[in-house]
Protein chains: 2
Amino acid sequence: MNGPGDTAPLAHRVPDLGAMELLLAVARHGSLGRAARDLGITQPAASSRVRSMERLLGVALVERSPRGSRLTAEGVLVTDWARRVVEAAEAFEAGAQALRGRRDSRLRVAASMTIAEYLLPGWLIALRSERPGTAVSLSAGNSAVVAERLLSDEADLGFVEGLGVPAGLDSAVIGHDRLFVVAAPSHPWARRRHPLLPAELAATPLILREPGSGTRQVLDAALAAHGGLAEPLIELSSTTAVKASVVSGAGPSVLSELALGEELAARRLVQIPVEGVRLRRDLRAVWRQGPLPAGPARDLLSLTRPT
Amino acid sequence: MNGPGDTAPLAHRVPDLGAMELLLAVARHGSLGRAARDLGITQPAASSRVRSMERLLGVALVERSPRGSRLTAEGVLVTDWARRVVEAAEAFEAGAQALRGRRDSRLRVAASMTIAEYLLPGWLIALRSERPGTAVSLSAGNSAVVAERLLSDEADLGFVEGLGVPAGLDSAVIGHDRLFVVAAPSHPWARRRHPLLPAELAATPLILREPGSGTRQVLDAALAAHGGLAEPLIELSSTTAVKASVVSGAGPSVLSELALGEELAARRLVQIPVEGVRLRRDLRAVWRQGPLPAGPARDLLSLTRPT
DNA sequence: TGGGCCCATAAGCTGGAGTTATGAGCATGA
DNA sequence: TCATGCTCATAACTCCAGCTTATGGGCCCA
């Protein structure tokens, strides 16, 4: 994950979250003093913090004047990058908060790993802005675990990404997830001129999650007609480990598009086109058989329409 | 940007970047001590940091044993959220570093605001991992500014998103950018059952950037055949300001998909389908007329193939 | 049983980020 | 013209978070 050439930890080369937050506040308010008040600190503290941020980056971010402060051209760019960090931190916080309140929460959610990692934090941020009071607790596991929690009344609402709906549950499709064939940029497949054929994919040993995972279920089903999945090259227990292996050039894999955003954007991985096979699965909200859930569960459900 | 109900600043409710980095290192190495060494701190420091992170979140993240440390189930989730924060911080750092080295850098890049904000940091991370030594400097502005810098030999490679290629430059299409019609979830358009017609869009006052911006050029051209763009509701100078206005319900707007990731995912904004009009523009790399650039510029160019 | 690896705890140091207090620059309005 | 109110900067002081070193206990293996 650390690029080569890195020496000091990232945290020493980048302003901390508080400083980024402060920069956003300055952009919003057009004044150091008001930004400081917004964050509950004093004006000199804000002033010195912005100054030390500018020293660290070697760029002037804020143009001070007796009538307020505006961002410089560079400041605008830096502020936008900072905003993305702060948004990621907000997602972190929303997720972590849901993880904490184990017992006493009003809305208990159970979700598959992929959904809990990549989608739920965003939904929780949105939920909090629409229904500020709602306390959420979260547990993660595969489809069977989610079903069990719903049926034993340990969860009010679940999210799964498997092929079918577990018995005893009602469901609604809330989106779709495509599976991408990916390889390192150095892999021969990355230079192919023509799409991969299903039979080729099926015949090639891949880096995969263990058999229970949703991704693997879909892949098995899709390739059954084309000779069935070859014996895996390696079996790993987490999506992150799979990605790391693929990036390092160990071999190709098939992964959810949700897990691939950063890697594809930074071209650490490349997507290999495939033709003639549908690698797609439904994302579903699930609940105990019966009427649509009411109260907070309904609020959350209404935020999760197809994207 | 701050959700309602927030009181303390985000930075007090979330572990700092160093702690998140440490958590990732623990996940990688399977041991607090080795993670500590990796980050250049001592084992007790790492131990206490992880402990205080667990106290802050109210969740056990790491399972210690005399033979090493593994993440708990919750730890895996938290680590993945932390990874996204750290990746955003890496993008921040890559961008900021490019911004700093004004004069002496070997590769000088000029880019449009949108590309500089959303795409360049990712490319720079990838570039650094493939060609570690490359120093990059960055300046941002609209197409005319980019062209000027290239022609006056103040930049080696440029990126623009306008409609045409400025005179005197050669170019290559490196991707596409769709423009989305967006509105707040509370806006009437968000509940429409049928796609918007071009004439409706043209007739509606929108929240827009000022006339010079690339987005507005494309919009003008696309709607010329449908009666031309109505007088804007408000004109603002930054994309962020436009988004904030739309979120607050002031009216609809048309924005690049690149700028909308977070807002659409969190459903602070919703996309309004439109039929019969092509709101799409090319993203282009540009350079002084003549042969393809060589050296570091070529390295960067080769990272930016169509996504 | 000694030596390797793990982790935890304790005591002490230090720097960074906060505070209060103060002053200077620029508008506005009486 | 002078007071008022906003802006930001500087200086001196306080304090605590996070680091260090030193130490000890558990587990496994040769």
Side-chain angles (χ1 to χ4, degrees), chain A residues 7-72 75 79 82 86 89, chain B residues 7-58 60-72 75 82 86 89:
Chain A
T7 160
L10 180 64
H12 293 168
R13 294 173 294 151
V14 168
D16 60 44
L17 280 171
M20 297 198 191
E21 225 181 338
L22 174 60
L23 188 60
L24 297 185
V26 171
R28 263 202 313 280
H29 290 124
S31 145
L32 286 177
R34 264 182 288 164
R37 226 170 307 139
D38 191 20
L39 298 187
I41 61 177
T42 58
Q43 171 264 319
S47 189
S48 110
R49 240 184 141 151
V50 169
R51 183 180 296 285
S52 67
M53 187 165 23
E54 290 177 318
R55 191 157 26 84
L56 178 65
L57 301 180
V59 171
L61 301 174
V62 171
E63 209 176 76
R64 288 99 166 146
S65 92
R67 307 188 316 189
S69 296
R70 298 182 45 73
L71 296 178
T72 63
T79 301
V86 169
Chain B
T7 159
L10 180 64
H12 293 168
R13 295 174 291 149
V14 167
D16 61 43
L17 280 171
M20 296 197 191
E21 223 181 338
L22 174 60
L23 190 60
L24 296 186
V26 171
R28 264 203 310 281
H29 290 124
S31 143
L32 286 178
R34 263 182 290 166
R37 228 171 304 140
D38 191 20
L39 298 187
I41 60 176
T42 58
Q43 170 265 317
S47 188
S48 112
R49 241 183 142 153
V50 169
R51 184 178 294 285
S52 69
M53 187 165 22
E54 288 177 320
R55 190 156 27 85
L56 177 66
L57 300 181
L61 301 175
V62 171
E63 209 176 76
R64 288 95 165 151
S65 90
R67 306 189 315 190
S69 295
R70 298 182 45 73
L71 296 178
T72 62
V86 169

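Convention: sequence-line order gives letters A, B, ...; per-chain numbering from 1.
C:dC7 atom P lies 15 Å from atom CG of B:L61, rounded to whole Å. D:dC16 atom P lies 14 Å from atom NE2 of B:H12, rounded to whole Å. Atom P of nucleotide C:dC6 and atom NE2 of B:H29 are separated by 11 Å, given to the nearest angstrom. Between the CZ atom of B:R55 and the P atom of C:dA8 there is a distance of 13 Å, given to the nearest Å. What separates CG of A:L32 from C1' of D:dT10 is a distance of 14 Å, to the nearest Å. Distance A:M53 CE to C:dA17 P: 11 Å, rounded to the nearest Å. One can place CG of A:D16 at 10 Å from C1' of C:dA17, the figure rounded to the nearest angstrom. Between the CD atom of A:Q43 and the P atom of C:dT22 there is a distance of 15 Å, rounded to whole Å.
Map B:R67 and A:S69 each onto its nearest nucleotide of DNA chain D; the residue landing nearer the 5' end is A:S69. Across the interface with DNA chain D, nearest-nucleotide mapping of A:S65 and B:I41 shows A:S65 to be the residue nearer the 5′ end. When each of B:P66 and A:P66 is assigned the nucleotide of DNA chain C bearing its nearest heavy atom, the one mapping closer to the 5' terminus is B:P66. In this structure, A:A46 and B:G30 both approach DNA chain C, and ranking their closest nucleotides by distance from the 5' end singles out B:G30.
Comparing C:dG18, D:dA11, C:dC6 against the side chain of B:R34 picks out C:dC6 as the nearest.
The minimum heavy-atom distance linking B:L39 with B:L22 is given by the pair CD1-CA, 3.6 Å.
Put simply, A:T42 has a side-chain N or O that comes within less than 4.0 Å of OP1 or OP2 on C:dT19. Between B:S31 and the phosphate of C:dC7, there is a side-chain N or O to OP1/OP2 separation shorter than 4.0 Å. Within the 4.0 Å cut-off from OP1 or OP2 of C:dC6, not a single side-chain nitrogen or oxygen of B:R64 is found. For A:S47, no side-chain nitrogen or oxygen approaches OP1 or OP2 of D:dC8 to under 4.0 Å. Listed pair B:R49 / D:dA17 fails the phosphate criterion, with no side-chain N or O lying under 4.0 Å from OP1 or OP2.
With rounding to the nearest 0.5 Å, the separation of CZ in B:R28 from CG in B:L23 is 10.5 Å.
Heavy atoms from other residues, nucleotides or ligands lying under 6.0 Å from CZ of B:R70 number 12 at most.
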Test salt bridge (Lys or Arg N to Asp or Glu O under 4.0 Å) applied to A:E21 and B:R13, step by step | CA-CA 13 Å; A:E21 225 181 338; B:R13 295 174 291 149; 5.5 Å; no
query: Between A:R49 and A:D16, does a side chain to side chain contact (heavy atoms under 4.5 Å, CB included) hold up when you go through it step by step?
result: CA-CA 10 Å; A:R49 240 184 141 151; A:D16 60 44; 2.6 Å; yes
